[in-house]
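Note that the structure is a prediction, hence the values are computed from the model and not measured. Chain A is the first sequence line, chain B the second, and so forth, proteins listed ahead of strands; every chain is numbered from 1.
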Protein chains: 2
Amino acid sequence: MITGRADAIPGLATAFRLHGYEGASLAAITRHTGLGKGSLYNFFPGGKEEMANAVLDEVGLWFETHVYRSLQNQDVPAAERLTSMAGAVEEYFSSRHLVCLYGSFALGQERERFAQQIAGYFTAWIQAITEALPGPAQEAEALATDFVATVQGALILARALDDPPVLHSTVARSLRHLTSLAGPDKAR
Amino acid sequence: MITGRADAIPGLATAFRLHGYEGASLAAITRHTGLGKGSLYNFFPGGKEEMANAVLDEVGLWFETHVYRSLQNQDVPAAERLTSMAGAVEEYFSSRHLVCLYGSFALGQERERFAQQIAGYFTAWIQAITEALPGPAQEAEALATDFVATVQGALILARALDDPPVLHSTVARSLRHLTSLAGPDKAR
DNA sequence: GACCACTTGTACCGATCGGTAAAGGCGCGT
DNA sequence: ACGCGCCTTTACCGATCGGTACAAGTGGTC
């Protein structure tokens, strides 16, 4: 255990995922974390905003170490890196109620409060994909943006239709647009 | 004026768009509609849930008359119908804070309460596009699903990056996937 | 065992939540 | 002018909101 905060973050994350930022009442947070208000305000004196910041940072760190970094691994062909990135992202959201916290926060009016972190998350993701793609940067960035948007939309659609497999099928098709550019020699 | 309800719906819609379902307090709703609580509960005895239902119905009706129906107009080539559909959708969300109410509701825990209407909205949209596309239905439905997901994701991305043009550029590229299938024989 | 820093439970705060009740205003048909 | 029905205002309800204060634990160090 590094800090008492760290143990609370998974519970905080599910609370924010299930209820959104504004909808996550302290009562719901104590339920999901198993911690009383006293403990929560001991670890996060800044209240709900600090809790949300800690969760966002943790999610951002996970993507940085598991997604962006492996996208830069030059020992593996680009198409393969992109495919494993897509798989990791699918698995991540599938086991987390099909909710991207950054996407959820971007939709609410809490967007302004966390604007920098939200924008930073998506630009980092898009940039990591862009750098793994060959060809002119402008075209690669467009493809990367389309992929990220499709993932976010597929999450919404999977929840809206109450049909989790929609995430995989949609992301798989979007991934093909990336790999067909990254691996023309590798394909077939 | 058909009913007193109708006049309140635009204000209700922006209230729900800006604050989400749970975040839209009655105080915020009175602010956006200019109506007091008494008037609101006179028009919507069922409270917030009935207000949200009325707004969702109105949005669904708009899409039905402006989007789905024009997609069925056989007098116009399919590619052109799809293009004007994309333009209408872009314009619709651009002038409404880049928020799709159904997408917003799908993300929160209010999803269960409005599950049927949410699922119905997206299936109707996907089906309308599917029927405007040639070729095997399964393939067309996949393309239609990708388009709808991309629109939803582009909305999130445009808000997340605080960059409204992202909606147009992303949707335009996604539209090309549809028209390239619909247009080769019909085009020109 | 005394001490101390950290953690926890509990009581409490003013503000706001969604919703209700009822009295008064208003326009309209007669 | 009158009565009637719809609409609006206003006051109020209990519950819950995010946040604070503080006393009582808790475990480790000498």
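Using a 30° and 60° split on the angle between ring planes, Phe122(A) and Tyr102(A) fall in the perpendicular class, above 60°. The aromatic rings of Phe105(A) and Phe114(A) are tilted relative to each other, their planes meeting at an angle between 30° and 60°.
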Please tabulate, for the side chains in residues 23-34 of chain B, all donor-acceptor contacts under 3.5 angstrom to protein atoms that are two or more places apart in sequence or on a different chain.
{"unit_1": "Ser25(B)", "atom_1": "OG", "unit_2": "Ala28(B)", "atom_2": "N", "d": "3.1"}
{"unit_1": "Thr30(B)", "atom_1": "OG1", "unit_2": "Leu26(B)", "atom_2": "O", "d": "3.3"}
{"unit_1": "Thr30(B)", "atom_1": "OG1", "unit_2": "Ala27(B)", "atom_2": "O", "d": "2.6"}
{"unit_1": "His32(B)", "atom_1": "ND1", "unit_2": "Ala28(B)", "atom_2": "O", "d": "3.0"}
{"unit_1": "Thr33(B)", "atom_1": "OG1", "unit_2": "Ile29(B)", "atom_2": "O", "d": "2.7"}
{"unit_1": "Thr33(B)", "atom_1": "OG1", "unit_2": "Leu35(B)", "atom_2": "N", "d": "3.3"}

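Distance from the side chain of Ala27(A) is smallest for dC17(D) among the nucleotides dT8(D), dC17(D), dT8(C).
At whole-Å resolution of the value, NZ in Lys48(A) and P in dG18(D) are 4 Å apart. Taking atom CG on Leu40(A) and atom P on dG9(C), their separation rounds to 10 Å, with Å as the unit. Atom-to-atom, CG of Asp7(B) to C1' of dC6(D) comes out at 15 Å; the value is rounded to the nearest Å. Taking atom CD1 of Ile29(B) as the reference point, atom C1' of dC17(C) lies 12 Å away to the nearest angstrom. Atom CG in Leu26(B) sits about 19 Å away from atom P in dC12(D), given to the nearest Å. Counting to the nearest Å, the C1' atom of dC17(C) and the NE2 atom of His19(A) are 17 Å from each other. Between the CZ atom of Arg5(A) and the P atom of dT8(C) there is a distance of 14 Å, given to the nearest Å. Look at OH on Tyr21(A): it is 15 Å from P on dC17(D), rounded to the nearest Å.
Of the side-chain N and O atoms in Ser25(B), one or more sit less than 4.0 angstrom from OP1 or OP2 of dC17(C).
Heavy atoms of other residues, nucleotides or ligands lying less than 6.0 angstrom from CD of Glu91(B) number 12 at most.
Under the salt bridge (Lys or Arg N to Asp or Glu O under 4.0 Å) criterion, the residue pairs touching residues 165-180 of chain B are Asp146(A)-Arg173(B), with sequence neighbours excluded.
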Quick one: which protein N/O atoms are closer than 3.5 Å to N/O atoms of nucleotides 21-27 of chain D? Pair and distance per line, please.
none

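Nucleic acid contact for Ala28(B): none, since no nucleic acid atom lies under 4.0 Å from a heavy atom of the residue.
Take Glu90(B) and apply the side chain to side chain donor-acceptor pair (under 3.5 Å) test, not counting sequence neighbours, and it matches His168(B). Residues passing the salt bridge (charged side-chain N to carboxylate O under 4.0 Å, His left out) test with Arg17(B): none are found, sequence neighbours excluded.
For the segment residues 104-114 of chain B, no residue has any heavy atom less than 4.0 angstrom from an atom of DNA chain C.
A salt bridge does not link Arg159(B) to Glu112(A): none of the charged nitrogens lies less than 4.0 Å from a carboxylate oxygen.
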Q: Could you walk me through whether Arg5(B) and Glu50(B) pass the salt bridge (Lys or Arg N to Asp or Glu O under 4.0 Å) test, one step at a time?
A: CA-CA 11 Å; Arg5(B) 289 169 57 112; Glu50(B) 188 175 346; 2.9 Å; yes
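Taking for each of Tyr41(A) and Asn42(B) the nucleotide of DNA chain D with the nearest heavy atom, the 5'-most of the two is the partner of Asn42(B).
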